[in-house]
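Input: a single structure, listed below in structure tokens.
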Amino acid sequence: MAEPVYPEKDRAAEAARLLSGPEWYRHAIFYQVYVRSLQDSNGDGIGDLPGLISRLDYLQALGVDALWLMPVMPSPFADSGYDVSDYRDINPDYGTMADFDALLAAAHARGMRVILDLVLNHTSVAHPWFQQSRQSLKNPKADWYVWSDAPGRPDIPCGPVPTFGTSAWTWDPVRGQYYFHRFYPAQPDLNYWNPDVVAATLDVARFWLDRGVDGFRCDAIGALYESAAGCDLIPETVAYIKSLRQLLNAYPGRAMVGEPIGFGSEAPFFGSGQDMFQMAFDFNYGFLWGGYLNGASAQPIADHFAAVLQANPPGAQNALYIDSHDIRRAFQAALGVESHLRRAALIQMTMPGTPFVYYGDELALRPGSEVVVDTRDFARTPMLWKEAPPALGRLDFGWGFTTGRPWIAFGAEPDSTNLEAEELDPGSTYAFYRSLLSLRRGREAFGAGSLRILPTDDDSILLYLRESSDESYVVVVGMDEKAWHTGLAAGANLPGDAERLLGDAQLARTGTAAVVHVPPAGMGVFRVR
Ligand code: GLC
Ligand code: CA
């Protein structure tokens, strides 16, 4: 038997080492779950926690290390759960607290972590805190929300977050005042200048940490405080986040990811790199990659990641995603071009950061067309697990998601984008995701290694090097679907010969230069040494 080109590490052991260490979140692959749309277990057409538990084996086999659950707390659902009416319970549509505990136990038994969406900027109008606050100008919670006689206040120069309406103030006939909301009118902002609100919301975090969750995705966290000086991540909000981090630090192995509001740098969410968020979503890559990757030039992508590294403090880790519940399905952002989608995912898995896979990404799930809550529902349709038997009317088939009537119509092209069909096709998006996720697994260089962009003389080729203390990987991404390209990276100074682990590009060295040959829509990941 021939010797392997390079002695291979025991990747499973490496993965176990990296994922159990204090920086596990840098090496983990997160999977964002809309519980309502993943798996229904009782035929009411609504995905639920027992359904999610039944899919943990699937997620583990896919290579998922951690779950982010979109809000699972009781909610009137004016904003798909981002309008919480009870911070200490589970939405009955999704199950019970016992189901939640069972989910935590089942995930932990598989070495999988679970983080919760923590929506602290606002509650639902139905939350008892708001119901009490609105009763009168003087009651124990009168000052828990932000009230005003006029639809505006000089000390609150904040408009609504775009797409949530035209005014941030709504008249409440019960109290006879306006209340402030950055999001929908059904989501009144809490008044963080009130120390009782600070104590109560930190207590919510403590409640779930005590229950065993592995951390939080902090919703719209920059919006907590507002003052005449501004509305987003003002110093008081920064101080609150630091208290939250201190609380988190009291529980070993927990992590939190912050959701910025605008498109500025994520750097302010990291503080020193040790005292605020461990991760923050890279909105510029997440929202704008379609623009970068539907183009022909690799330069904007290279520039983006170089700028992120420049701006972020040491220890910061961006969270990389290519779609989410708030934006278009990745398939749409890629204009339906499969190779664009694959480039985006390859970059997501191999550039510095932690990948957050949105449920259905692995199938290139197509958008839906029905609106139940709001137009973001287009990206929130149920998973497609099973093929429809040819004899069955497609409309009545639950695609393995439900035995009943789904809460929302399935997205387009369910015949070709269900798991069963994609599992049988070695060229499917699913097959590609399997290989990508396993490529990242147990390779420290991708989670925490350094980045060196290797400029080539061909603008359509993105070339970069990721290195940990003892391993080096080269990633090649071609931006042209039609023609072969050859790129020369002078002075690349690669450590040595290349072993291709993924893709179809070729990599060679001449002296200190590297030469890459990239087929149409080509890509490659190489281990070099
Ligand atoms: C975040 C969520 C979004 C929600 C909003 C208000 O941006 O991602 O879905 O509508 O916050 O909570
Ligand atoms: Ca159900």
Side-chain angles (χ1 to χ4, degrees), residues 32-55 68-73 75-85 87 90-96 99-100 103 115-125 127 158 160-165 168 180-190 201 216-224 231-233 257-263 269 280-281 283 286-287 319 321 323-328 356 358 372-380 382-383 398 400-408:
Q32 176 187 349
V33 182
Y34 189 31
V35 172
R36 195 173 198 81
S37 281
L38 197 81
Q39 178 67 60
D40 176 22
S41 73
N42 61 358
D44 67 359
I46 299 177
D48 45 53
L49 295 175
L52 169 55
I53 293 174
S54 74
R55 291 299 180 184
W68 151 26
L69 306 189
M70 286 162 60
V72 292
M73 298 160 196
S75 162
F77 237 68
D79 186 11
S80 302
Y82 287 92
D83 47 324
V84 176
S85 55
Y87 283 115
I90 294 294
N91 185 331
D93 281 345
Y94 295 165
T96 62
D99 293 328
F100 181 77
L103 169 71
I115 69 168
L116 284 193
D117 221 312
L118 199 57
V119 188
L120 297 182
N121 175 64
H122 44 265
T123 67
S124 162
V125 281
H127 197 290
C158 330
V161 170
T163 81
F164 287 89
F180 173 70
H181 51 88
R182 293 296 294 285
F183 296 92
Y184 287 131
Q187 296 166 293
D189 271 51
L190 285 160
T201 54
F216 302 111
R217 177 262 188 193
C218 294
D219 184 76
I221 191 77
L224 293 194
C231 308
D232 287 336
L233 210 60
V257 52
E259 187 209 22
I261 289 181
F263 287 99
F269 288 84
F281 289 103
F283 268 27
F287 274 96
Y321 65 102
D323 60 1
S324 78
H325 63 298
D326 284 331
I327 53 175
R328 305 180 286 181
F356 276 64
Y358 185 42
V372 174
V373 178
D374 62 34
T375 52
R376 290 173 295 174
D377 286 343
F378 294 166
R380 300 175 180 184
M383 265 300 263
F401 165 70
T402 183
T403 55
R405 221 181 111 73
W407 71 274
I408 190 170

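This structure is a prediction, so every number in the text was calculated from the model and none was measured. All ligand and atom numbering here is 1-based and tracks the order in the structure.
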Nearest-neighbour protein heavy atom for atom 3 (C) of ligand 1, which is reported as residue plus atom name and distance: D326 OD1, 3.3 Å
re atom 7 (O) of ligand 1, the protein heavy-atom contact at minimum distance is E259 OE2, 2.8 Å
Decide if the gap between the ring center of Y184 and the ring center of H122 is smaller than 6.0 angstrom. no
Among F378, F356, Y82, which residue satisfies the ring-ring contact (aromatic ring centres under 6.0 Å, His included) criterion with H325? Y82
Got a sec: is G51 within less than 3.0 Å of the Ca ion (ligand 2) via an N/O/S atom? no
Would you check if the Ca ion (ligand 2) lies under 3.0 Å from any N, O or S atom of N42? yes
Does R376 come within less than 4.0 Å of ligand 1, judged by its heavy atoms? yes
Measure the distances from the heavy atoms of Y184 to every atom of ligand 1 and state whether one is below 4.0 angstrom. no
Give the atoms of ligand 1, by number and element, whose distance to some non-hydrogen atom of H122 is under 4.0 Å. 6 (C), 12 (O)
Here the gap from L118 atom CG to M73 atom CE, rounded to the nearest 0.5 Å, amounts to 6.0 Å
In this structure, does ligand 1 have an atom that sits under 4.0 Å from one of the heavy atoms of R217? yes
Got a sec: is D44 within less than 3.0 Å of the Ca ion (ligand 2) via an N/O/S atom? yes
